Number of protein chains: 2
Amino acid sequence: MELDHRKIRILQAIIDDYILTAAPVGSRTISKRADFNLSSATIRNEMSDLEELGYLEQPHTSAGRVPSNKAYRFYVNRIMQRAQLSEHERKAIRSYFIERMDQVESLVRQTASALSDITRYTAIVLPPQLGTVRIKHVQVVPLSGDKALLVLVTDTGFIRDVLLRVPEDMSAYDLERFSNRINDALFDMRLDQVAVEAILHISEEMGSQRAFFLNIMEALERHIQESTKKVELSGATNILYYPEYSDVSKAKGFLAALEGSDTLYQLLKKASTLEFSITIGEENEPKQLKDCSVITATYRIGSEPMGSLGIIGPTRMHYSRVLSILEYMQLSLSEALAGLLEQDKLE
Amino acid sequence: MELDHRKIRILQAIIDDYILTAAPVGSRTISKRADFNLSSATIRNEMSDLEELGYLEQPHTSAGRVPSNKAYRFYVNRIMQRAQLSEHERKAIRSYFIERMDQVESLVRQTASALSDITRYTAIVLPPQLGTVRIKHVQVVPLSGDKALLVLVTDTGFIRDVLLRVPEDMSAYDLERFSNRINDALFDMRLDQVAVEAILHISEEMGSQRAFFLNIMEALERHIQESTKKVELSGATNILYYPEYSDVSKAKGFLAALEGSDTLYQLLKKASTLEFSITIGEENEPKQLKDCSVITATYRIGSEPMGSLGIIGPTRMHYSRVLSILEYMQLSLSEALAGLLEQDKLE
DNA sequence: CATTAGCACTCTTAGGCATTGAGTGCTAAC
DNA sequence: GTTAGCACTCAATGCCTAAGAGTGCTAATG
């Protein structure tokens, strides 16, 4: 049996109500609504059908009904309209980006906290996967003792620094020359190419400092890799606002699932090929999130996918709203990243 | 009436038990303990005295007794012995510092997460207040457009970067010369002196680029100030493991109190003149923490106090253990900071 | 023939009440 | 000074009932 129009409307009404209240929805609740001119009995018959079809579930006889994950899936795929953000909301979102930021990292952090503040769910942001970014400046700065700092600046204003140990036989003068050579060699190189043949190529010209050079490159690469895996998490405790998690032990379970930050990295990485992705309940990979839904979006610099951002919340999530917020956020973030150096655009 | 030896022993037994179980302690519980050869009745008499003196409280007649804040205070001041950390525990703490770190910021973060992991309480760390740190290297790195990055490296390996807008009439060559001049001018200067007369002094020599220079200094100062106020918080949700907060609404209240990060800054700042500080219950300044105890310690670089680190937990906290852990942590952190460039010491 | 009124039935929830048990305080005996 | 004994208190537990929300079915209705 296919769902006819009336069934769809009823299903939607049930989902809407349940998202709001988290309580099983009864037939009378629906029939009372102004836009339904049906008695509760009729609704009951329809609901009974919907249950048989797998869209509704009863916690027990004589409770109301609760939407199944199948219902959410149907809602997301077929019913849902993108929610319209109010001017006020859009302003609120922008205001998070107005404060001047100097680094991608803090931008990512701000995005995460904006997302969680606005949605009241838990937000995660995968920082830019900087493969395509270009090196703008490299410098080795001598510190006290035999230590030095490698400072790396990219064209997006991204800055990294790696602590190095300088070989004993290198003078300050040597180091400076060495620094200049590296700078010349790596200038304008894409980060994901630093790793490959380019290095071998360059390293041949390095002569006696070859070992030191390779050392640096290795440290640099490890460092870059690590930093791009650090998923920014915000508002994890928002979950406490939802009655689904009023049981502390459940809340603990949820929070524990977020703890292993690699979990979240996998989650976002996987979703980062799609413009948007919505996974509901058991569809979620880390099985501990089987009572949640996850919505993610991908952000870009130019046309290049750079990372993704997402929301984790109860399955009765406000899908359309979250999606709109993510969409707007994705845009804001992409713009902010692209024009990191021309922030005024956003004003 | 002064507390005699037996009363003290009984009080300690009650506190110990309560810290463990979070349940009111009855007279029989104490009299059963092998090291007491007293009947429950005797214990009851003593407990009754202790209650009269304000060291114990009864939630209601015929529950057991619960230590008052006065009891914790007494315990901390008079009874408590520093707990001995096992070799295993010390190793665990060290292991957090072994992983190579390149920045003070990540060190601070690691410290916070180590503290919360190990104690199972909520940890806070005030990053180094870098007044006494010296500038090692300053460089202005041109980026695309009219933007540039000011990179600042201190002798502790601390690195900051600030985004700048370059005046239109400055060529790349000008910028480089300018960069060198700033570097020469600020080299080896203490951060807290960057702000004062030194600047005025220098700025006079800057000629036409004076406005730009003052601009930079202002941005730098604001930036440094902001970053030193960012208290690192970790394990906030550990609170969920304690039955005191098994009521979700209480947990929410606690978490909300931590949210205003300025709260925590004030807390740590205030405590940072003392080697150790323990505040119990109502003694705590942000009134929302009146059901908690806060223990803080100050860490140094050399003999200079740099910042502080602390633990927030229920008043029935494992004081002696936490204190020992903080002490060891403080040491490890001080060492790691001082020898940031000679990490091997820690191995 | 779809819709609906009516009614019996189910199951949760909340309140009331007695019971239990942990714990106290007091007194009298050791 | 210590302790055994006992009456007393009070939260927690379990049980029962009543109320209420909701269902499913049947028979009547337009």
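Since we're looking at a predicted model, the values are computed, not measured. We use all heavy atoms of the structure for the numbers below, so side chains are in, but hydrogens, waters and symmetry mates are not. Labels below follow one simple rule: chain letters A, B, ... track the order of the sequence lines, proteins then strands, and each chain is numbered from 1.
In this model, a side-chain donor or acceptor of B:Ser62 finds a partner on the base of D:dT9 within 3.5 Å.
Across the protein-nucleic acid pair, B:Ile30 atom CD1 and D:dT3 atom P stand 15 Å apart, rounded to whole Å. Rounded to an integer number of Å, the gap from B:Asp17 CG to C:dG23 C1' is 14 Å. Whole-Å rounding puts the A:Glu51 CD to D:dT23 P distance at 10 Å. Rounding to whole angstrom units, CZ of residue B:Arg28 and C1' of D:dG5 are separated by 15 Å. Per the geometry, CD1 belonging to B:Ile10 stands 13 Å off C1' belonging to D:dG1, to the nearest Å. In this structure, the NE2 atom of B:His60 is 10 Å from the P atom of C:dT24, given to the nearest Å. Residue B:Lys7 contributes atom NZ, which lies 12 Å from atom C1' of D:dG1 at whole-angstrom precision. Rounding to whole angstrom units, CG of residue A:Leu50 and P of D:dT23 are separated by 12 Å.
The main-chain N or O of B:Ala83 is found under 3.5 Å from a side-chain atom of B:Ser324 such that the two form a donor-acceptor pair. Side chain of B:Arg9 to backbone of B:Asp35: a donor-acceptor contact under 3.5 angstrom is found.
B:Arg65 comes within contact range of the sugar-phosphate backbone alone, with a heavy-atom separation under 4.0 Å but no base atom that close.
Near DNA chain D, defined here as any heavy-atom distance below 4.0 Å, the residues from residues 36-47 of chain A are A:Arg44, A:Met47, listed numerically.
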Strictly under 3.5 Å: I want the nitrogen or oxygen pairs between protein and nucleotides 28-30 of chain C, one per line.
none

Stepwise side-chain hydrogen bond (donor to acceptor under 3.5 Å, both in side chains) test for B:Ser234 and B:Ser116: CA-CA 6 Å; B:Ser234 174; B:Ser116 67; 2.8 Å; yes
Worked verdict on B:Ser40 versus B:Arg44 for side-chain hydrogen bond (donor to acceptor under 3.5 Å, both in side chains): CA-CA 6 Å; B:Ser40 66; B:Arg44 272 204 294 286; 3.3 Å; yes
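Looking at every heavy atom in both residues, A:Phe276 comes nearest to A:Gln330 through CZ-OE1, 3.9 Å. B:His318 approaches B:Tyr121 most closely through the heavy-atom pair N-OH, 3.1 Å.
Of the residues listed (B:Leu56, B:Ile15, B:Ile43, B:Asp49), the one engaging B:Ile10 in a side-chain contact (heavy atoms from CB on, under 4.5 Å) is B:Ile43, and it is the only one.
B:Tyr55 and B:Phe74 have perpendicular rings, their planes meeting at more than 60° on a 0 to 90° scale where under 30° would count as parallel.
Side chains of A:Asn284 and A:Thr279: a donor on one and an acceptor on the other come within 3.5 Å.
A:Thr61 has a side-chain polar atom (N or O) that falls below the 4.0 Å cut-off from OP1 or OP2 of C:dC11.
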